[in-house]
Structures are given as C-alpha cells and as structure tokens.
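What follows is a single structure, written as structure tokens, with notes after it.
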Amino acid sequence: MIALLDGNNFYASCERVFRPSLNGRPLVVLSNNDGCAIARSEEAKALGIKMGAPYFQIRHLEDQAGLVALSANFALYGDMSDRMMSLAAGLGHRQEIYSIDECFIDLAGIPGDLALRAQKIQARIRQWIGIPTCIGMAPTKTLAKLANHIAKSAERKPGHYPPEFAQVCQWPSVHDATHHHLLQATPVGEVWGVGPRLTQQLHEAGIITALDLSRADPNTIQRRWSIVLAKTVRELNGTACLSLDEVPAEKQQIACTRSFGQTVTELSDLLEAITEFASRAAEKLRKQGSQAGQVMAFIRTSPFRANDKQHSAYPTIPLPAPTSDTAHITEVACAIVRHLYKKGHRYAKAGVMLMDLQPARHEQMCLALGENMPASRHRLMTALDNVNHRFGRGTLHLASAGTAGKQRHWEMKQARKTPGYTTDWKALVVCTSV
DNA sequence: TCTGGGGTCCTAGGACCC
DNA sequence: TCTGGGGTCCTAGGACCC
C-alpha cells in the first residue's frame with residue numbers, strides 16, 4: 001500500500017498560516033514577476049480563476065471580489081515544506097518527496113487501521129504546521145494519486161464522490177463495487193500521466209473515463225501510444241510499475257532562467273543578468289557535486305508582444321573539460337549572449353542551462369587535452385559558496401553581475417512579497433500581546 | 001502596460017559502424 | 001534484372017509532471 005499526501009493549495013495555505021485574516025478570502029499567489037496565478041485558494045477557484053491566469057486579467061477582481069494577490073515567497077514555501085514532510089514521514093517506513101507539496105509514503109508492513117493513522121498525521125500537520133492536507137492510499141502510485149484526487153474532490157464537490165472519502169481516501173479493493181464506481185466517476189484526464197493531448201486522443205478512441213482506460217488492453221495501448229501509458233493502465237489495475245524512490249536522482253540538467261521585470265535592449269544589461277543566472281546555476285551544480293560538460297545560454301523577446309520584432313536562439317557550447325567554476329561557466333554564457341545579441345530588440349527573458357552533468361572528481365587525473373579544473377579553483381568556489389551561505393546570496397559575486405548602487409533594469413518584479421516569516425531572523429513573527 | 005520556472009522520459013530518424 | 005543485416009549513439013521534438 002502506498003500513500004500520497006499533499007498540501008491543499010499549498011502556497012496559498014502557507015501564506016494563510018501567517019496571515020489568518022486571509023482565511024475565507026479569495027487568494028492567489030503569483031509567479032515570478034507577478035506574472036500569473038500559480039496557486040489559488042478555494043475561494044479564488046470559485047471565482048473562476050484558472051491555474052496560470054495572467055495577473056492583469058484577474059486584477060479587477062481585487063476591487064470587485066476582494067481578491068488578494070501575493071508575490072511568490074519560495075524560501076518560505078520551501079521551509080514550510082520541510083516541516084510538513086518531516087511530519088508526513090511518520091506515516092510509514094519510506095518516503096519519496098515528489099514535489100514541494102507532495103510525498104509518497106510506503107505503508108507496507110504498517111499494522112492497524114491505515115485510514116485512522118492517516119487522519120492522525122493529517123491532524124498533526126494541521127495543528128503543528130497549519131497546513132491542510134489530503135491523503136490517498138492505494139496499491140500503486142497511480143491509484144494513490146487518484147485516491148488523493150478523490151479525497152480533495154469529495155471535500156470540494158460533495159455529491160460527485162462518496163463523502164466518506166473526503167480528506168482521506170483509502171482505495172477500495174478491486175472486488176468492491178465502489179472501486180468500479182470511483183473509476184467510472186473520474187474523467188480520464190484526471191489520471192496521473194494523462195495530459196491534455198492524450199486526453200483528446202483517448203477521447204477519439206472512445207476512452208472517456210478512468211474505468212475505460214483501466215479496461216483497455218495494455219499491449220494495444222503500448223503499440224498505439226507508449227510504454228508509459230501502458231504502465232498507467234497496469235497501475236490502474238493494481239499492478240505496481242512505478243517504484244518508490246527515496247533518494248532523489250541526481251539532476252541531469254540544471255537551469256536558471258528568468259523573465260525580466262521590464263524589457264531590456266542594452267547588451268550590458270543582458271550580460272549582467274546572464275552573469276547572475278550562470279552564477280546561480282553553477283552554485284546549484286556544485287551543491288549537487290557535479291560538473292557540467294556543456295553550457296546553453298539564451299535570450300528571447302516576448303512572443304506576447306505581437307508588434308515587437310521577435311528574436312530567440314538557444315545555442316549549446318561544449319566545454320573543453322567539465323567544470324563547476326562560476327567564472328568559467330559565466331564566461332562561456334556571456335560569449336554566447338554577445339554573439340546572439342541584436343541591437344533594436346526588446347528582450348524579455350534570458351537563461352542559462354548546464355548539461356552533460358557528471359560527478360566532480362577533485363583529484364582528477366590529468367590525461368585530458370583540455371585543462372581540468374585545478375584544486376585551487378575548487379577551494380575558491382567552496383569559499384564563495386560558504387560566504388554566500390553564511391551572509392546571504394550575492395554577498396560575493398562576479399563584478400559583471402553589476403556593482404553596488406547600479407540599477408538593475410532587468411530585475412524581476414515582486415511588488416507583494418510577504419516577509420520570510422520562518423527564514424529570516426528580522427521577519428520572525430513577534431507576539432505583541434501576552 | 002501586464003503572460004513563470006523548473007524538470008523528466010520516450011520515440012523516431014539519421015549518422016555511423018562492422 | 002539483381003545491391004544485407006544488425007547494431008549503437010545522438011538529437012530533436014513531443015508529451016508529461018509540479
């Protein structure tokens with residue numbers, strides 16, 4: 001048996017923990033640059049705000065319906081996630097942290113009433129962290145996802161699913177008539193791994209509900225679509241094809257890309273931004289203990305500005321030898337951008353991606369023709385990371401990322417960011433009345 | 001005026017090898 | 001007239017996830 005636990009409307013719920021006045025009000029959390037809604041409270045969903053809705057299209061609801069829109073505070077959400085995950089781990093023996101707000105937990109060998117146990121963990125997370133959660137439990141990951149979906153939907157839309165499945169849904173056994181009913185009541189597009197394109201194709205093939213998909217022949221599905229979808233079919237029938245991964249796999253690529261707060265036309269601004277992105281990417285790379293064999297950098301105009309001249313390109317440059325040296329990676333990324341830059345374009349976004357990642361070897365045997373990263377550079381990078389970890393990101397940086405006092409035209413907008421209540425000493429909540 | 005940022009896996013087809 | 005068979009590796013593109 002596998003459980004899937006996730007935080008309801010996670011980012012919105014995190015904000016509400018520290019501002020209870022937001023309870024009961026329509027609330028959205030915006031993406032970087034305050035661009036679009038990436039989390040919505042139930043009240044915001046009820047207003048018809050879709051996932052990814054551009055802020056400028058929903059802004060009028062602030063006056064009309066009391067909508068509150070906040071800038072994303074990812075440091076806060078990450079910290080709240082850590083706290084939630086450590087409590088969730090108490091549900092079973094092994095935990096896979098699947099995303100910032102979701103984890104799978106292996107319940108094999110756990111005795112007693114699992115639904116009761118899940119309710120206790122849920123109550124503890126609610127009381128200690130302040131986050132409401134839903135838990136689905138089933139024999140496979142795909143069914144656990146589905147059970148979780150039902151736990152959420154049964155709470156939100158009573159009548160569609162049996163009310164006893166609200167918040168905690170333990171998947172009924174295959175022999176139970178409810179099993180059949182739940183699959184039939186679920187549109188195929190709600191199944192994990194079935195996106196908009198597959199939904200359309202499956203509809204054309206007469207597969208409308210999760211029940212239809214579960215009854216399809218996996219071999220036929222594999223021939224017509226893919227092995228991925230065939231596994232989904234088997235998982236819907238209780239045959240586990242996806243394992244629980246306790247240790248997250250090493251990343252195969254590491255990226256840092258951003259839209260600008262306002263469009264940028266000058267090369268100097270682009271180079272500043274690219275320096276910053278390359279430095280961040282290199283920092284993530286070292287944190288994973290890897291080196292990159294290739295660097296990709298890009299700049300692009302906004303496809304939404306129909307009247308602007310459009311330009312974008314994404315070239316990749318192989319490095320003579322793998323490295324995790326910020327200066328080296330930045331140099332390559334800047335060279336790419338100098339080459340790409342065309343005067344007279346309004347650039348809206350840029351980024352750096354590191355690829356062909358491999359484990360860093362500090363004592364590298366020097367047979368390669370290219371120059372390896374010498375030990376002194378490793379020490380320099382370690383010192384850089386230590387200083388920035390202790391005194392805050394950007395304390396030590398390359399001069400080409402811009403100097404103090406110089407205005408960064410490209411910096412992203414975050415007009416409505418809440419304090420780092422749990423991540424910044426100066427922002428700790430202070431109790432003023434005893 | 002204003003539209004995010006990160007990832008993964010699979011497949012088909014071409015280049016190349018013996 | 002008639003021109004093999006079996007591999008591997010790489011890349012681009014498409015689909016999915018949160």
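Computed from a prediction, not measured in an experiment: that's the story for all the values here. Protein chains get the first letters and strands the later ones, always in sequence-line order, with residue 1 at the start of each.
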Atom [atom1] of [X] and atom [atom2] of [N]: how far apart are they, to the nearest Å?
X	N	atom1	atom2	answer
A/Tyr98	B/dT8	OH	P	12 Å
A/Gln253	C/dC17	CD	P	18 Å
A/Gln310	B/dT3	CD	P	12 Å
A/Asp34	B/dG5	CG	C1'	15 Å
A/Glu96	C/dC17	CD	C1'	12 Å
A/Glu102	C/dC17	CD	C1'	9 Å
A/Asp308	B/dT1	CG	P	12 Å
A/Ile227	C/dC16	CD1	P	17 Å

Please confirm whether the shortest side-chain N or O distance from [X] to OP1 or OP2 of [N] is below 4.0 Å.
X	N	value
A/Arg258	B/dG6	yes
A/Lys349	B/dT3	no
A/Gln262	B/dT1	no

Checklist entry - A/Phe304 or A/Lys284: which one's nearest nucleotide on DNA chain B is closer to the 5' end? => result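 The 5'-side residue here is A/Phe304.
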Next on the checklist: Here's a test of your reading of the structure: between A/Thr263 and A/Ser226, which maps to the more 5' nucleotide of DNA chain B?
Outcome noted: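 Nearest-nucleotide comparison on DNA chain B picks A/Thr263.
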Checklist entry - If you look only at pairs with a residue in residues 340-355 of chain A, which of them pass as a side chain to side chain donor-acceptor pair (under 3.5 Å), with sequence neighbours excluded? => result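 Only A/Asp308-A/Arg346, A/His311-A/Tyr347 qualify under side chain to side chain donor-acceptor pair (under 3.5 Å).
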Checklist entry - Dot-bracket for DNA chain B: what is it, with Watson-Crick or G-U pairs under 3.5 Å, [ ] where a pair crosses earlier ones, and | for a pair to another strand? => result ....||||||||||||||
Pull out every protein N or O sitting under 3.5 Å from an N or O of nucleotides 11-13 of chain C, one pair per line with the distance.
none

Checklist entry - Taking the six-membered ring for Trp, are A/Phe277 and A/Trp410 parallel (under 30°), tilted (30 to 60°) or perpendicular (over 60°)? => result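 Because their plane-to-plane angle is over 60°, the rings of A/Phe277 and A/Trp410 count as perpendicular.
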Checklist entry - Which whole number of Å gives the distance between the C1' atom of B/dG4 and that of C/dC17? => result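 The answer is 15 Å between these two C1' atoms.
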Next on the checklist: Between the side chains of A/Asp385 and A/Lys287, is the shortest nitrogen-to-carboxylate-oxygen separation below 4.0 Å, so that they form an ion pair?
Outcome noted: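 No, no charged N to carboxylate O under 4.0 Å.
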